[in-house]
Amino acid sequence: MFQSVSDSNFVPGEHSVLHFWNQHDTFRKLREKNRGQKRWSFLDGPITANNPMGVHHAWGRTYKDTYQRFFAMTGHDQRYQNGFDCQGLWVEVEVEKQLGLGTKSAVYEYGIDNFVNECKRRVLKFAARQTEQSQRLGYWMDWDNPDQLREMAEHLGTDTQITITAPSGKTETAAAHQLVEKLGNPEWGGSYFTFSTENNETIWDFLKKCFERGKIYQGHDVMPWSGRGGSAYSQMEIAEGRKLTTHKSVFVRFPLKDRENEFLLIWTTTPWTLTSNVGAAVNVDLDYVKLKSNKDDAVYYFARDNLNFQRLASEFKDGFGRPEWKWPEGVGKLKTIAQIFKEQGGFEELGTIKGAEMVGWAYEGPFDNLPAQQMDGGYPVDENNLGVCGANWHKVIDGGRDSRGSAHVVAGEGTGIVHMAPGCGDIDHKIGTSVGMPVIAPLKDDGTYGEAFGEFAGKEAIAPETAELVFERLKEKGFLVATETYPHIYPHCWRTGDELVFRLVDEWFINMDWRDEIKDVTRQIRWLPDSIDGQNREVEWLSNMGDWMISKKRFWGLALPIWVDPETGDFEVMGSLAELKERAVEGWDGFEGNTPHRPWIDGVKIRNPKTGNLMNRIEDVGNPWLDAGIVPFSTMNFNERYSTEALNWADWYPADLVTECFPGQFRNWFYSMLSLSTMMMFDKDGQRTAEQKKPFRTLLGHRLVQNEEGKPMHKSDGTAIWFEEAAEQLGVDTMRWMYLAQNPATDLRFGTRHPDKPVTLNTPEGPISETKEGVPTATVTSGPADETRRQILIPLWNCYKFFVDYAIADGFSPSDALRKRVAGGPEANVEGGFIPVADRPEIDRWVLSNLQTLIETAHREFADFNAPGFCEAAAEFIDDLSNWYIRRNRRRFWRSKDASDTDKTAAYETLYEVLVKLCQLLAPCIPFLTERMYQNLVRGVTGFGVEVSGETIEVPESVHLCDYPAANTGILDEALNKRMAAAQLVVKLGHKLREENTLRVRQPLAELQFASSDPETASAIAQLADVIREELNIELVTQQANLDDLVGYSYKPNLKTLGPKYGKLLGLLRTKLPEVGDAVLGPLRRGENVSVEINGNSIDLTPDDVLISTEQADEWVCSDEGGIQIAISTVLTDDLVRKGMSRDFVRQVQQLRKDANLHIQDRIGIEYHSEDNLVQAMVAEWGDYICGETLANSIEFSSTPFSDVKSVNVGDTGVTIQVVKLV
RNA sequence: GGGUGUGUAGAUCAGCUGGUUAGAUCGCAGCUCUGAUAAAGCUGAGGUCGGAGGUUCGAGUCCUCCCACACCCA
């Protein structure tokens, strides 16, 4: 009934399996099978739907699929919901590039609605793409139809009515945006999208709860800002926009108060920030020079090392690190500070002091006359800083250190004293607020000075005229020391090309002072892998994190539901759309029917109940980690906005498992989920325990995918491997095994992409030479993948091929009863119709017993989310199956046909059962290969696509519809497993002995004797003496009580037991005990105690105190391990030599047959020539044997050697052999 | 600067509460076996266990200090 098996052809095989699953709707059948059963709840961490998948995404997705498949095969109902992360800056950035929008105003011009629709469109497009890639991985999820996603994307922004059929089968007709906002809802099924209204609205619910507990507040942050772009920048964008430019930089002196004619010397490249100076920072460990200028006898302080420091010396010579960043023409070499003072009339050094001594010195600022400098509490006024203003705060502070431990203030480019403007710089702001500096924020949205800046008001910060004005005023007041043209790399807006400034912006925060509640929840969760101690990492982050900034001045994202009274600053948070509708006094009609995004939501206004004023929604959008953090609630119908028939939240919360790549997520997704869950489950009465608040029970983290050298893969240099490149070159089963077998705590060295070697990939949709995004596909090599195939998949396939080849040749077909028994189905576990296991030979029972052990391991390790543990055991089993069971039993399969040969039938039935069960066990890991094997083994088809005809018994249609094997403890025979292990150990020792003594295995030896002090082991080996005889080619295997006559013994002290008893004597024991000898210590081997005198000390020894090993004796070689001793006779009688020669002869003839491409059944005639009479003598004795083994009809001696035939060794003798095929 | 972790063969990693000659896999060299196998088996080369002290009869393992790297934090 079996179809013949070709080579493994992994990749095309996977394509045909995908086709098979589609045709047979296998996944739907699996879900139906488990519907209503006990639940297992997996919660997917959303993948960013902004780009196609790379191989790094596939690791986590393999875990997700494998565990879901395991729990499906063990009969669990599941949700199978994938998630897409949809909102946030990363999408905006790509869309801006795509549309060529340079500035914020360009977005306004384009229309926020159009822009937001474009963002949605991009997300849908890549969601469709990632869906298709995931399906190729074999990832079974409740996927949306990718074509429908694309159709919706296309019609966004129009009122065209379109019709979709959701994965649940529900059909819906509406405008695209109205369908899109409902994607993933419990009644439709399909992936969740974080841009859905449900997701956004549930975040509103969360924020409302925060608001009610008084945790929402408005604060400030200093952000890189583009004046013309009118928007803030992320670090990611800054990295893209760095450019070489020149600035007028300036040396300025700040007069010290209480120190007449003494000055701090500072330097800056951003003169406009001097208006907002508040402090000056030094490095407390640095030496500062006290220098008197001859010009006006003024005394200056600055870092001693800077006096003669050649600023930008290497840049002047070599440029700034990129070819296009050469030293600008027309810009002179920079002067040293010493030069500057020399030019101004010379100077005199008065001494040196430590920075620490300067801390606290008060000074006079350069623009203290500006209203902003004099405003109480800074500008804008901060109520926490009342009582101080810029002008009265100026003093020297300790610059401190950054997160890497290096000082913020160093000698070098500047003066070692840094002017601090906490309203104009990121680091200034951080340091400033930590020491209580008032903040002066000069710039408005458009990058110009605010009202309180006198003559600067309305001037653009980055305009060169502004710098000139600053210099002029400094000069007038005697602050200016020198100016210069200074080239440096400076962040620019990648959209407009303008220089960025740092600007204080209003942001919204969640006060995280309830962190202890979150920590308690964190401690309820199991964090895997153990070795990285995720729980502590998370708790530590929670202990140290600051308040959570949740706002961003952008367009695409969660509309923060905060409404502000512009007059009083009062604000309120709306907890749902229903609440908003009730409170809305304006703009609801314009909003209704749209998604709660900008711009549609922006027009809705409510009234401040206290003042009666209209309140406006703040324009900010939310932090995207809110989107991902709310999913334990939003995706599971927490607020019951959908029918609880479709999905009942309490049934699925908390999730049993979440899994994600962990670096970074401790403060992103894990953090947001824990925080949101803790707040969502908060109750005033404290009735809910931390246990009940946890959003998931177990978290499984894994590290990163790297290239084969262990370096990160980058898109930019072409080393990042696209998913399809790996899938179609390495095969996804191979990839999955690599991911699953990998220790999740360490990086996976996946493989290497060779961008210079293009390749055409054969995908299920046909050949491609570039990805859908137009990237040429390149060759991927991978040592680990090769190893996986060589050691796991190919041996597995060959075991299967071996079985099928011989079964076809022999006409073996499993009985219906056997098929049912192993595949499962309606009447599984039937008895009869095959040879009872108890009646099969020991080696059959052994492999079946081992199989039961593997089944138990599988259940244990999968339930413990330890895929590597299972993979290791499975690999060992495959190895045992291939290199012990099959190799040992080959003769049982190929001997001639005989219907009454029950031993042969037992072999087939055993191997059949093992292979099918192994498929089922491995199906969650390598779903494709196992499906192919299963289809042939159980359903008698290969290639698929064809319905099986004549199918008379009911067996599961797919390996994935089988129940996961349950261990049959009746077959599990621990004692047998141990016995075989003992025999394998003897064989191993025997091979080692033969190797060490150059006794080749084809040379038969007379005898092997073995002994073990453990009677069970000894009898175990005795029972398997035949196996040992055959494997080692030894005539006689005998058990002995001991090997005393053949071997010597050596004795060593067991330090572990003797150490505590004899302490210092141990050194002596180590040298002396081996000298005591067998005569005294022999009784130990019989389990008796012995007392010895060593250097006058009486030592009592029990058998446990001494380690005994064996040593060689004449004519025998011996070895021991694990309490087993063996000895092999090395005496070669003439009989044995001739017998060995006959085996050599056979082997050589077989090789000749193979070389001549003869068929297994071809008959031959043999002629040979040798100068040595011994060969003829051997043939006379063993000719029949040789002929029988080689299917020869005759074996003739030729008195003349053959020309053109290479002499081969038979024993120690050279022989030429010729083989003639008989017709 | 503080915290956490890591440092063992050419590479990747094991090494439990201190115990004898420090292991595995891959790679390399040689040999063996092979009528499914791109396999498998065996042997070998390759290690001052990051360094220095200390505790102990005994330290890769425990303690102290130092060095390097990684991650986290302000």
Side-chain angles (χ1 to χ4, degrees), chain A residues 5 7-8 285 400-408 430-431 434 531-533 536-538 540-541 543-546 662-664 666-667 703 708-710 741-743 745-749 783-784 786-787 789-806 872 875 878-880 882-884 886-887 890-891 893-894 984 987-1003 1031-1033 1052-1070 1073-1074 1107 1109 1143 1146-1147 1149-1151 1153-1154 1158-1161 1189-1191:
Chain A
V5 175
D7 282 349
S8 45
D285 299 319
R401 286 165 187 280
D402 69 11
S403 58
R404 286 191 294 276
S406 34
H408 281 120
K430 277 205 185 98
I431 298 174
S434 74
S531 62
I532 64 157
D533 199 5
N536 262 337
R537 276 204 203 189
E538 190 64 56
E540 191 155 316
W541 158 255
S543 304
N544 294 316
M545 69 187 183
F662 62 70
F666 288 100
R667 51 183 174 152
R703 275 199 64 95
E708 218 164 333
E709 281 79 53
Q742 172 74 14
N743 173 359
T746 53
D747 289 340
L748 171 59
R749 296 174 167 220
D786 294 343
E787 198 178 316
R789 254 181 268 115
R790 218 174 49 226
Q791 297 199 317
I792 313 291
L793 303 182
I794 290 174
L796 175 63
W797 185 261
N798 280 321
C799 290
Y800 156 70
K801 181 171 158 58
F802 173 88
F803 170 82
V804 171
D805 284 352
Y806 281 95
E872 196 189 333
I878 292 170
D879 184 59
D880 262 338
S882 169
N883 288 311
W884 189 253
I886 292 184
R887 193 168 57 83
R890 274 181 303 209
R891 281 176 182 271
F893 290 92
W894 72 57
Q984 284 176 310
V987 170
K988 184 181 155 180
L989 285 174
H991 277 302
K992 184 176 154 189
L993 278 178
R994 294 192 79 118
E995 175 72 29
E996 281 171 358
N997 296 283
T998 54
L999 297 163
R1000 64 192 206 286
V1001 178
R1002 268 196 302 269
Q1003 174 60 59
E1031 281 293 316
L1032 289 175
N1033 193 17
K1052 278 187 192 169
N1054 182 355
L1055 301 177
K1056 196 162 189 170
T1057 60
L1058 289 173
K1061 285 191 246 175
Y1062 294 104
K1064 281 190 201 284
L1065 279 175
L1066 232 56
L1068 201 60
L1069 272 173
R1070 280 180 78 171
L1073 191 70
L1107 304 165
S1109 57
R1143 301 261 311 237
V1146 168
R1147 163 92 189 107
V1149 173
Q1150 299 289 23
Q1151 189 61 46
R1153 290 184 61 114
K1154 211 172 189 178
L1158 299 188
H1159 284 126
I1160 291 176
Q1161 64 273 20
E1189 286 292 304
T1190 60
L1191 297 186

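Quick note: numbers below take in every heavy atom, side chains included, and nothing from hydrogens, waters or symmetry partners. Within every chain, numbering begins at 1; the chains are lettered A, B, ... in the order of the sequence lines, protein sequences first and strands thereafter.
- The side chain of Cys799(A) approaches A36(B) more closely than any other nucleotide in the set A36(B), C26(B), C72(B).
- Within the nucleic acid shown, Pro784(A) has no heavy atom closer than 4.0 Å to any nucleic acid atom.
- Taking atom C1' in both G7(B) and C49(B), the straight-line distance is 10 Å, to the nearest Å.
- Residue Thr746(A) is the one, among Thr746(A) and Pro795(A), whose nearest nucleotide of RNA chain B lies closer to the 5' end (criterion: closest heavy atom).
- Remark: P of U20(B) and CG of Leu1069(A) are 16 Å apart, rounded to the nearest angstrom.
- Closest approach to the Leu1055(A) side chain among G35(B), C13(B), G19(B) is made by G19(B) (side chain taken as heavy atoms from C-beta onward).
- Across all strands shown, U6(B) pairs with A68(B); the Watson-Crick or G-U wobble distances both stay below 3.5 Å.
- Pairing for G23(B) is with C13(B), a Watson-Crick or G-U wobble pair whose two hydrogen-bonding atom distances lie under 3.5 Å.
- Residue Asn883(A) is classed as a base contact, given a heavy-atom separation below 4.0 Å to a base.
- Nearest nucleotide to the side chain of Asn1054(A), out of U37(B), U20(B), U25(B): U20(B).
- The CZ atom of Arg890(A) sits 8.5 Å away from the OH atom of Tyr806(A) when rounded to the nearest 0.5 Å.
- The Asn798(A) side chain lies nearest to A36(B) when the options are C71(B), A36(B), U34(B).
- Applying the 4.0 Å criterion to OP1 and OP2 of A36(B), one finds that Arg890(A) has a side-chain N or O inside that range.
- Remark: P of C69(B) and CG of Asp747(A) are 18 Å apart, rounded to the nearest angstrom.
- With C1' as the reference atom, A45(B) and C28(B) are 9 Å apart, rounded to whole Å.
- Listed for the Asn798(A) side chain is a donor-acceptor partner under 3.5 Å among the backbone atoms of Ile794(A).
- A gap of 11 Å separates the P atoms of G3(B) and C66(B), to the nearest Å.
- Here the nucleotide nearest the side chain of Arg749(A), chosen from U12(B), G27(B), A36(B), is U12(B).
- For Glu787(A), whose side chain is taken as the heavy atoms from C-beta onward, the closest listed nucleotide among U25(B), G35(B), A36(B) is U25(B).
- Across all strands shown, G47(B) has no partner, as no Watson-Crick or G-U wobble contact with both distances under 3.5 Å is found.
- With a cut-off of 3.5 Å on both Watson-Crick or G-U wobble distances, the partner of C62(B) is given as G54(B).
- We find the CD-CD distance between Glu538(A) and Glu540(A) to be 10.5 Å, quoted to the nearest 0.5 Å.
- With Arg994(A) contributing its side chain and Gln1003(A) its backbone, the two residues share a donor-acceptor pair below 3.5 Å.
- As the counterpart of A36(B), no nucleotide is assigned, since no Watson-Crick or G-U wobble pattern has both distances under 3.5 Å.
- Side-chain proximity of Tyr806(A) to A36(B), C72(B), C26(B): nearest is A36(B).
- Ile886(A) comes within contact range of at least one nucleobase, with a heavy-atom separation under 4.0 Å.
- Using a 4.0 Å heavy-atom cutoff across all strands shown, Trp541(A) reaches sugar-phosphate atoms only and no base atom.
- Comparing A52(B) with C71(B), their P atoms sit 28 Å apart, to the nearest whole Å.
- Looking at the side chain of Lys1056(A), the nearest of the listed nucleotides G19(B), U37(B), C72(B) is G19(B).
- Which of U34(B), U32(B), U25(B) sits closest to the side chain of Gln791(A) comes down to U25(B).
- Taking 3.5 Å as the limit, the base of A40(B) and the side chain of Ser882(A) contain no donor-acceptor pair of atoms between them.
- Atom-to-atom distance recorded for Asn1033(A):CG and Arg1143(A):CZ is 4.0 Å, nearest 0.5 angstrom.
- The separation of G30(B) from A39(B), taken at their P atoms, amounts to 16 Å, rounded to a whole angstrom.
- Salt bridge Arg790(A)/Asp786(A): absent, no basic N to carboxylate O contact under 4.0 Å.
- Although no hydrogens or angles enter the test, the distance criterion places a donor-acceptor pair under 3.5 Å between the side chain of Gln742(A) and the main chain of Thr746(A).
- The nearest whole Å value for the distance from the CD atom in Glu1031(A) to the C1' atom in A40(B) is 11 Å.
- Across all strands shown, the partner of G1(B) is C73(B), judged by Watson-Crick or G-U wobble contacts whose two distances both fall under 3.5 Å.
- Contact annotation: Arg790(A) side-chain N/O to U25(B) OP1/OP2 distance is not under 4.0 Å.
- Taking every side-chain heavy atom of Ile794(A) into account, A38(B) is the closest of A40(B), C33(B), A38(B).
- Contacts of Arg994(A) with the nucleic acid, taken as non-hydrogen atoms under 4.0 Å apart, are absent.
- Note on Arg789(A): nothing from the nucleic acid sits closer than 4.0 angstrom, heavy atoms only.
- A heavy-atom distance below 4.5 Å is not found between the side chains of Pro1053(A) and Leu1066(A).
- When the C1' atom is used for both C13(B) and U17(B), the distance is 22 Å, rounded to whole Å.
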